[in-house]
Structure formats: structure tokens, C-alpha cells
Amino acid sequence: MSGDLSTNFWSWEFRCPCPKCKKIKVRVSSLLLFKLEMVRMAFDGLPVIVLSGNRCPEENKRVGGVPNSEHIPNPDGEASDIKIKGVKPIDIGLAAEKIGGMRIGIAKTYCHLDVKPPSPSKFWIYLGGKIIYSAKIENESLLKFYQIIKGKEGE
Ligand SMILES: [Zn+2]
Ligand SMILES: [Zn+2]
């Protein structure tokens with residue numbers, strides 16, 4: 001098994017799904033691919049399912065992505081939304097935190113990973129259509145930040 005982007009990843013997985021981008025070259029940061037291979041390894045080689053990789057600005061707007069999203073290739077796409085069957089998004093996030101060098105967004109059904117430096121948040125949580133950023137103070141530990149937000153949610 002060998003992908004055309006890296007050992008386990010294929011460009012079709014990262015392609016912008018809009019009709020306009022059908023024939024555009026898929027561009028994914030090699031650093032991101034390396035990190036994703038490490039995430040895969042952290043779960044004993046369970047397949048990492050890419051739900052969203054590259055997005056053109058129009059597609060990013062359509063799916064409600066933040067402006068200047070790392071999903072938009074510039075020149076390479078530096079973000080992916082992933083899931084692993086049977087693994088909770090927070091557990092993917094915690095594995096990614098251990099690997100390091102990634103910003104991590106936790107959603108209900110997937111985990112966003114990108115290789116942009118923190119600016120200023122390293123972690124965030126998608127909650128009811130909103131994004132809660134860890135900002136500076138809770139940048140130290142994803143688990144702590146997650147517990148604070150989840151605790152608030154339960155109140
Ligand atoms: Zn597109
Ligand atoms: Zn994302």
C-alpha cells in the first residue's frame with residue numbers, strides 16, 4: 001500500500017470537493033502529511049479518514065470555514081479534518097498533542113489538525129456552530145482546556 005502523497009495518503013482524499021476544483025492539482029504540506037502518518041502510527045496503523053483537506057475559498061465559505069483557513073492551499077494546504085473509526089476526536093487530539101507541532105480543533109465527529117504555529121491559540125473546540133479558542137492561558141494542555149469547556153457545557 002502506497003499513496004501518491006505519502007505512504008498512506010492519496011491526493012483524492014484531500015481534493016476540494018467542489019466541481020470547479022475537479023482538475024486542479026491537490027497540494028498538501030509535506031509536514032502535515034508527516035504528522036498525519038505519525039497520528040496513524042499512534043493508533044497502530046488504523047486508517048485515518050480525511051473528511052476535508054484542500055478547500056478553495058468558495059468551498060471554504062460554503063462549509064463555514066474561518067477566513068484564511070489553513071485548508072485553503074497557499075501554496076499548500078496545511079490542514080485536514082480527520083476521523084479514525086472507533087476513536088473519539090478528543091483522543092485523536094491528545095495523540096496529536098503528544099506528537100507536537102500541530103494546532104488542534106476538536107469537533108463532535110472529527111478532529112481538525114493543521115501545522116500552522118499557534119496564533120495565539122493552539123487548541124480550540126467547535127461547539128454548537130461556534131469556535132472556542134484556548135487563547136494563551138489554556139494553551140498548555142489540550143485535556144485541561146477540553147475539560148474546562150466540557151465542564152462549562154454541562155453547567
Ligand atoms: Zn473548490
Ligand atoms: Zn479543519
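Start at 1 and go down the list; that is how both ligands and their atoms are numbered. These numbers come from the heavy atoms of this one structure, side chains and all, not from hydrogens, waters or symmetry mates. Being a predicted model, the structure only gives us computed values, none of them experimental.
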**OP:** Please name the pair of heavy atoms, one in Gly77 and one in Leu32, separated by the smallest distance, quoted to 0.1 Å.
**Re:** O-CD2, 4.3 Å
Original post:
What pair of heavy atoms forms the shortest contact from Arg55 to Gly65, and how long is it?
Top reply: NH1-CA, 4.0 Å
Original post:
Looking only at heavy atoms, what is the nearest atom pair of Ser134 and Lys122, with distance?
Top reply: OG-N, 3.6 Å
**OP:** To the nearest 10 degrees, could you say what angle the Zn ion (ligand 1) makes with SG of Cys18 and SG of Cys56?
**Re:** 110°
Subject >> Member of Ile92, Ile82, Val39, Val48 meeting the side-chain contact (heavy atoms from CB on, under 4.5 Å) criterion with Val87 >> reply: Ile92
Original post:
So, do Cys21 and Glu59 sit near enough that their side-chain heavy atoms are less than 4.5 Å apart?
Top reply: no
Original post:
When the ring planes of His71 and His112 are compared, do they come out parallel, tilted or perpendicular, using 30° and 60° as the limits?
Top reply: perpendicular
**OP:** Would you list the protein N, O or S atoms within less than 2.8 Å of the Zn ion (ligand 2), leaving out water?
**Re:** His71 NE2, Asp81 OD1, His112 ND1
